A.B. asks: 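What follows is a single structure, and I will ask about it in a moment.
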Amino acid sequence: MNTQLKQLYQEIILDHNRYPRNYGRLENPTHQARGHNPLCGDQIELTLQIRDNVIEDIRFEGKSCSICKASASVMTTVVKGTSLEEAETLFEAFHELLTHEEPTKVSSLAAEWRDKLSVFSTVRLFPVRVKCATLPWHTLHNALKNSTQVASTE
Amino acid sequence: MNTQLKQLYQEIILDHNRYPRNYGRLENPTHQARGHNPLCGDQIELTLQIRDNVIEDIRFEGKSCSICKASASVMTTVVKGTSLEEAETLFEAFHELLTHEEPTKVSSLAAEWRDKLSVFSTVRLFPVRVKCATLPWHTLHNALKNSTQVASTE
Amino acid sequence: MKDLVQRAERLRADFPLLHQRHPSGSPLIYLDNAATTHKPRAVLQTLERFYTTTNANIHRGLHWLSQEATRLYEEAREVVAQFLQAASPQEIVFVKGTTEGINLIAHGLRQVHFQPGDELLLTAAEHHANIVPWHLIARDIPVRLRPAPLRSDGGLDWEAFQQQITPRTRLIAITAMSNALGTEMPVSAIGALARQRDIPFLVDAAQFAPHKPINVQEWCADFVVFSGHKLYGPTGIGVVYMRHPWGETLPPYQGGGDMIVEVRWDSSTYAKPPQKFEAGTPPIAEAIALAESIRYLTQKVGWDFIQAYEQYLTDYAQARIEEVPGLQLFGTARPKGAIWSFYSEAVHPHDMATFLDQAGIAARAGHHCAQPLMEALQVPATTRASLAFYNLPSEIDSLAQSLHQIVHFFV
Amino acid sequence: MKDLVQRAERLRADFPLLHQRHPSGSPLIYLDNAATTHKPRAVLQTLERFYTTTNANIHRGLHWLSQEATRLYEEAREVVAQFLQAASPQEIVFVKGTTEGINLIAHGLRQVHFQPGDELLLTAAEHHANIVPWHLIARDIPVRLRPAPLRSDGGLDWEAFQQQITPRTRLIAITAMSNALGTEMPVSAIGALARQRDIPFLVDAAQFAPHKPINVQEWCADFVVFSGHKLYGPTGIGVVYMRHPWGETLPPYQGGGDMIVEVRWDSSTYAKPPQKFEAGTPPIAEAIALAESIRYLTQKVGWDFIQAYEQYLTDYAQARIEEVPGLQLFGTARPKGAIWSFYSEAVHPHDMATFLDQAGIAARAGHHCAQPLMEALQVPATTRASLAFYNLPSEIDSLAQSLHQIVHFFV
Ligand SMILES: Cc1ncc(COP(=O)(O)O)c(C=O)c1O
Ligand SMILES: Cc1ncc(COP(=O)(O)O)c(C=O)c1O
């Protein structure tokens, strides 16, 4: 098993994959959205409780690969309790982290967030897996717009 | 100008091309047919006077290349006065002459017919021109069946 | 066995791509042959030779090059006709690929065959290429797809299939070999049944063609389609076989040069098949190179070898994959082609493919353009290893070894 | 002039086919470039390199080869987008050729745009590829073709063109350069007019593309199509440019893999453009090689040279052909591309082509897939010499000399 692969599948990702946080559905969500990557079959559904501009609670559910599942799990732990604006900032930072050669946005985040998101920086070296990691965030983005559209990373 | 080309465009073909025999239309034909080679635009129209199973008169008209025109001209001189069965035999002999490597049918024809048709034997060496020479004969074939179909050598 | 393997090793020399290394340094192990196959040198040389000595447009030219190009192109049609045991080269239409081929047929049948409410009988294992074209024509003429179920071993449920034939069944359209499972369908039996009831019969032979010889007469097929790029030929070329007189019956698909007799501003008349279906400049070099790939396959490699050796590889792969703990293997029904799909609850196919890739192994993870089948199997996707006669048992060993490691890593 | 000719002589070294001899022993003189062009070594090497190092199916694979093939294929799309000055690679759809491209557009417009009785405005010089597709859709939605006449010099009659626009004109579809005459149409002027009136505008650039640079913005074009094989690229590949949001508006053309989001038995949902229009395995190697031919053309040869030298060749050919007694020359209007059509009452074009062929000269005789134009010119066919930047004045001398001999022989 080579080093890159080890970095991609580090313990923390495997851990979130095996024991996903905030897994399941909220009973009476104020917002929700489904995400789908038709190329590989990743599917995820988000349910949220938003009040006064703050994400009070969030759950995810779905069938997906470990990168997607871990990303969704980490995402829920990160955005729970944030304002919608903060969530949007996190979305952008995460997206940049995975698609730009020299991401800058993530370093201006609070340390706790930065460390959690940075776990996924190696994904950039596996271009076909980037969509796996970003699908939960795209789905969140849609949910916040209260969009009923299915998010797709294709 | 190379030898093959000289054989193809021998004097007799050029002569029939310049001074086509039986050119024009019959007033009250008993049979007629049009022929068309859409690939090169050769077009010919035959009008015939057939009585008691004999081709009493025949004329041709149309726009076509020299090989096609000469072939039509020679054909009219050959089939005028023949029975329908003889015309059919001539059609087959001519067709074989242009498409088989070792044609046999033409040699069993009467000497006068054989000589006239043999002028076209070189056409076989120019495969894309075979259709030019056979178009009049295909058209005749159709006319004899009193077919209203447009003959096509495509 | 040893003889067969040695033969395969020698044949590998014909395929330059196989001798590459993956960027990770591992030798490349290509197990994605159902997606596309590699090209023997003979095919590449044919392309090169055509472009450097004979290149010209066909049919419309009186000059030497054009005559030569036309001759080679029409010879290719004869080679394909013989490959399929067609009655005549006139029954062979060159298209871009299987997908275009089925669309061409669907388009034609929409105009002259289907009535609203008609049914198409398919199998549950169809590739999207044999599903979506029918959805597209259904916008004009609502027709209904009736998929016959598979047994749990991936073979066709023959009883259920027969029961799905109704008086409204106006086409039977099936894949001869599932691209996701490798299982073979009872094509000749279905063909006999279709002919008995006068139902046109279409066979998607995209996966079957590289593995077993086709006989369209035995199949009683009205239409057969396959792709060049899956048959060791170039991309951009495929074949539609249309049994006479379907070529006369179906209207032209695309309009343009070479498929017409006469064009006026207000209407056109159309050429006879196959020209009628080949509008514009066709993939000339590709058709000629496809003929060479067929020659290579049937003359140099030979069906006897392909069938014997691929059978061996299929069995060998099954045994080795079954040893991996927790892997579910799909499509164990026989006869089958050298394709294996598997799934582990513990490892998503996507993760598996990434791991395999890093070990130099090109396998495919996904729905394999067969989403309805994935749904029937109740998996989001599978990992698929699809073999060719140039694969080696040692490559299967590498696959198995990697699978062991991956499963171990995730569990 | 001498510099230009020397440059052309050097460039000929890139084209292996040009150095052949005709079976008669004469050097080959290829003047049938409007039918298809030859391929520079760089393009052949790209094909070879792809098949021996990167061959794989695209989009659906997680493994290295598939990623690489996908990258090259999508890069090719970017190269084409830039070549046409398109706003985005998403506006570029790969097809089999110009003919398929126009059929794709016609099929889409039939479903979402045309009403019975609508009119299409064309020019009298259209290739069958821009006539017959409209006849085919007219079976479902009767639309009427209105060809605008040419002046006697082969240029568009601009007054008449404008007058033919009516409130029922729902598409303007024109060739940018006549393949039979070489004359250029005032594309930008027509485009401006079309945009003013909100009429979609389609340009058939099959002949224009190899001779002059295209700017779809200046043209105000909604659709532009061209073929790879006429642009020094391989057969089996062509391009449709679709201005945004036409890609969203038009329905998919063919159904199959890679153009879907979700497939169920009773319906499917479709991907975004351009994938929506690229069902099944596309001509992968061909698209990548087409990008190389564009690089070769624009970077190694260069538009400055092509335009200057071809202008020179065009003038030179006109002068030499005009010297031949009794030859009627068509399409003298400027601007024009390096294509000459001529006709002699004394020598049928078919005979002429045979004579030329025996002198090693590949020219084309026939209707050039433009039967309505031949009718307008009142000739059964013409002989056409179509030049490329690799042709030489000495080759035109040989042509003229042969023409003298032929006319002499027949008169
Ligand atoms: C102006 C024009 N349009 C369309 C075509 C058709 O191109 P293709 O045969 O590559 O589809 C051609 C070439 O034959 C052409 O010259
Ligand atoms: C069974 C089957 N049918 C159809 C296709 C489509 O072939 P293509 O993509 O070459 O059009 C494939 C391959 O993807 C296949 O496996």
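For the numbers below, each heavy atom of this structure counts, side chains included, while hydrogens, waters and symmetry mates do not. Per chain, numbering begins at 1; letters A, B, ... match sequence-line order. Quick caveat: nothing in here was measured; it's all calculated off a predicted structure.
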A.B. asks: Look at the aromatic rings of D/Phe409 and B/Tyr9 and report parallel, tilted or perpendicular, splitting at 30° and 60°.
C.D. replies: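 Answer is perpendicular, since the angle exceeds 60°.
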
A.B. asks: Please indicate whether B/Glu27 has more than 12 foreign heavy atoms, meaning atoms of other residues, nucleotides or ligands, lying under 6.0 Å from its CD.
C.D. replies: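 Counting other residues, nucleotides and ligands, CD of B/Glu27 stays at 12 neighbours or fewer.
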
A.B. asks: Of the backbone (N, CA, C, O) and the side chain (C-beta and beyond), which part of D/Gln358 lies under 4.5 Å from a heavy atom of chain B, both, or neither?
C.D. replies: both

A.B. asks: Applying side chain to side chain contact (heavy atoms under 4.5 Å, CB included), run through B/Ile67 and D/His348 and close with a yes or a no.
C.D. replies: CA-CA 10 Å; B/Ile67 306 292; D/His348 189 278; over 6 Å; no

A.B. asks: Is it the case that more than 12 heavy atoms not belonging to D/His408 sit under 6.0 Å from its NE2 atom?
C.D. replies: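 No.
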
A.B. asks: Sub-4.5 Å heavy-atom contacts with chain D: which residues of residues 106-115 of chain B show up?
C.D. replies: none

A.B. asks: Grab the two heavy atoms, one from B/Cys65 and one from D/His350, that are nearest each other, plus how far apart they are.
C.D. replies: CB-CB, 3.6 Å

A.B. asks: In this structure, are over 12 heavy atoms from other groups packed under 6.0 Å from D/Glu345 atom CD?
C.D. replies: no

A.B. asks: State whether a side-chain donor-acceptor pair under 3.5 Å links D/Asp351 with B/Ser66.
C.D. replies: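 A donor-acceptor contact under 3.5 Å links the two side chains.
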
A.B. asks: Quick check: are there more than 12 heavy atoms from other residues, nucleotides or ligands sitting under 6.0 Å from CD of D/Gln378?
C.D. replies: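 Count not over threshold, so no.
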
A.B. asks: Would you find more than 12 non-hydrogen atoms of other residues, nucleotides or ligands less than 6.0 Å from B/Ile12 atom CD1?
C.D. replies: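 Open.
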
A.B. asks: Picking from B/Asn2, B/Leu5, B/Val128, which has the most non-hydrogen pairs under 4.5 angstrom with chain D?
C.D. replies: B/Leu5

A.B. asks: Considering residues, nucleotides and ligands other than B/Arg51, do more than 12 of their heavy atoms fall under 6.0 Å from its CZ?
C.D. replies: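 Open: at most 12 neighbouring heavy atoms sit under 6.0 Å from CZ of B/Arg51.
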
